[in-house]
> 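Questions regarding the structure given below will be posed in turn.
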Amino acid sequence: MKLEHDFFTTDNVVGLAKELIGTIFHTNINGKHCAGIVTETEAYAGVTDRASHAFGGRLTKRTEVMYREGGIAYVYFTYGMHCLFNVVSATEGTPHAVLLRAVWPVAGIETMMERRSFPKDKRLLTNGPAKLAQAFGITLEHNATSLCGDLIWIEKPSDNCIEHIVESPRIGVDYAGVDAALNYRFVGAPDEKIVRRMFSETNDLR
DNA sequence: TACACGATTTACT
DNA sequence: GTAAATCGTGTAT
């Protein structure tokens, strides 16, 4: 079942980050369909979160998208070479976002391999925020793209395929002072048997 | 205009 | 374990 617009407009961005674990992230970019089970997310809580680009109400050309109504993508460029993909949430004026950090590929794996220059180990395909964006064909031009459209969408499967979820502090936000300690990161452990049943055509996971 | 840096990845020692 | 790659963005001149 495709997640609808209303799913993303909640103010509870931490809850949303947790709820996104176990959903299926899809893109259909340049005619190539890719999908993966979301296994790692981080919440960035708007103006009060020192780790967020919108901390203190910072409103710039880059962060403007975060302030829009939830249900669109916030894609930004960092380290001179990487794009990172975020789910914008909450209502207009509240710049909450969820960073997608990792997925388990379940469709379009050959396309991902091409885009990622054929890593030797398949587990390296989408196990990081920049890797995932690259594998799914996401670039800056997808900033502000709807998450309920034909290019990018998210599906909630009828079966829960996540065994358990671990919470932890976020990665790479040491600069955020006290907020660096918040347990805003969620990592899901998929049940391989259930995943194989759900995606029977996929023979090689992770 | 100038400059320091980053919600990272990769290759190499 | 360390370091290089590489450039848009934000903040200060």
Side-chain angles (χ1 to χ4, degrees), chain A residues 8 12-21 25 27 34 36 38-68 70 72-90 94-105 112-145 147 152 154 165-188 206:
Chain A
F8 301 104
N12 181 4
V13 67
V14 178
L16 182 73
K18 192 169 184 176
E19 270 195 81
L20 284 170
I21 299 291
F25 179 63
T27 62
C34 293
V38 177
T39 57
E40 185 177 345
T41 61
E42 283 177 0
Y44 286 84
V47 299
T48 61
D49 181 354
R50 305 184 93 85
S52 167
H53 291 161
F55 172 68
R58 191 194 291 134
L59 176 56
T60 65
K61 195 173 179 183
R62 176 174 69 156
T63 62
E64 170 268 322
V65 170
M66 301 179 78
Y67 288 81
R68 299 197 206 173
I72 59 176
Y74 169 45
V75 182
Y76 73 93
F77 187 77
T78 191
Y79 291 108
M81 61 190 86
H82 299 306
C83 290
L84 272 60
F85 174 86
N86 296 255
V87 171
V88 174
S89 67
T94 303
H96 289 172
V98 176
L99 173 67
L100 245 56
R101 291 193 57 91
V103 305
W104 274 27
M112 298 189 203
M113 290 292 282
E114 276 177 40
R115 288 172 173 158
R116 294 269 304 122
S117 306
F118 300 93
K120 285 183 181 159
D121 189 334
K122 280 191 178 178
R123 285 172 297 187
L124 301 176
L125 211 47
T126 55
N127 65 337
K131 298 180 192 178
L132 145 85
Q134 187 181 31
F136 279 73
I138 291 166
T139 65
L140 279 182
E141 49 185 83
H142 301 105
N143 193 31
T145 299
L147 303 179
I152 305 175
I154 302 175
I165 297 177
V166 176
E167 304 180 12
S168 82
R170 292 168 292 185
I171 304 294
V173 296
D174 294 345
Y175 60 86
V178 289
D179 292 333
L182 295 168
N183 282 334
Y184 280 5
R185 174 171 176 251
F186 301 93
V187 182
R206 285 197 291 181

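Below, read A as the first sequence line, B as the second, and so on, with proteins coming before strands; counting in each chain starts at 1.
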> Grab the CG-P distance between A/Asn127 and B/dT9 for me, whole Å please.
8 Å

> Want to know the stems of DNA chain B: at least 3 consecutive Watson-Crick or G-U pairs with distances under 3.5 Å, which are they?
B:1-6 with C:7-12, B:8-12 with C:1-5

> Output the single nucleotide from C/dA5, B/dT10, B/dA7 whose closest atom is nearest the side chain of A/Lys131.
B/dT10

> At 4.0 Å (heavy atoms only), tell me whether A/Leu84 reaches a base, stays on the sugar-phosphate, or touches nothing.
sugar-phosphate

> How about A/Arg50: does its CZ atom have over 12 heavy atoms from other parts shown lying under 6.0 Å from it?
no

> Is there side-chain contact between A/Phe186 and A/Leu20, with at least one heavy-atom pair below 4.5 Å?
no

> At under 4.0 Å, does any side-chain N or O of A/His82 touch on OP1 or OP2 of B/dG6?
no

> Check this one for me: any side-chain N or O of A/Thr60 less than 4.0 Å away from OP1 or OP2 of C/dG10?
yes

> Categorize A/Ala51 for me: base, sugar-phosphate, or nothing, with a 4.0 angstrom heavy-atom threshold over every strand shown.
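The answer is base, as A/Ala51 lies within the cut-off (heavy atoms under 4.0 Å) of a base atom.
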
> Strictly below 4.0 Å: does A/Arg101 bring a side-chain N or O up to OP1 or OP2 of B/dT8?
yes

> Check every atom of C/dA5, B/dA7, C/dG10 against the side chain of A/Met81 and return the nucleotide holding the closest atom.
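Nearest nucleotide to the side chain: C/dA5.
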
> Starting at CG of A/Leu59 and ending at P of C/dT11, how long is that distance when rounded to a whole Å?
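Interatomic distance, CG of A/Leu59 to P of C/dT11: 11 Å.
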
> Is the NZ or CZ atom of A/Arg170 both under 6.0 Å from the centre of the six-membered ring of A/Tyr184 and within 45° of that ring's axis?
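Because its charged atom misses either the 6.0 Å distance or the 45° angle limit, A/Arg170 does not stack over A/Tyr184.
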
> Between C1' on B/dT10 and CZ on A/Phe118, what's the gap in Å once rounded to a whole number?
18 Å

> Do A/Arg115 and A/Gln134 get their side chains close enough for a donor-acceptor pair, meaning under 3.5 Å?
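No pair is found: no donor N or O on one side chain lies under 3.5 Å from an acceptor on the other.
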
> Kindly say if A/Tyr175 contacts the phosphate of B/dA7, meaning a side-chain N or O under 4.0 Å from OP1 or OP2.
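Indeed, a polar side-chain atom of A/Tyr175 lies that close.
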
> NA contact type, A/Arg116, heavy-atom cut-off 4.0 Å: base, sugar-phosphate, or nothing?
sugar-phosphate

> Measuring centre to centre across the rings, with the benzene-like ring taken for any Trp, is A/Phe85 within less than 6.0 Å of A/Phe25?
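That pair passes the under 6.0 Å test.
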
> Kindly state whether the pair A/Tyr44 / B/dA7 counts as stacked, where counting means centroids closer than 5.5 Å and planes tilted less than 30° apart.
yes

> By nearest atom, which of the nucleotides B/dA7, C/dG10, B/dT8 is closest to the A/Asn86 side chain?
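Within the option list, the nearest is B/dA7.
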
> Could you check how far CG of A/Asp174 sits from P of B/dC5, rounded to whole Å?
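Nearest whole value for this atom pair: 15 Å.
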
> Check every strand shown and say whether A/Arg62 touches a base, only sugar-phosphate, or nothing at a heavy-atom separation below 4.0 Å.
sugar-phosphate

> Give a yes/no on whether any side-chain N or O of A/Arg58 is located under 4.0 angstrom from OP1 or OP2 of C/dT11.
yes

> Could you pull out the closest heavy-atom pair between A/Asp179 and A/Thr48, with the gap in Å?
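That closest heavy-atom pairing would be OD2-O, 3.5 Å.
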
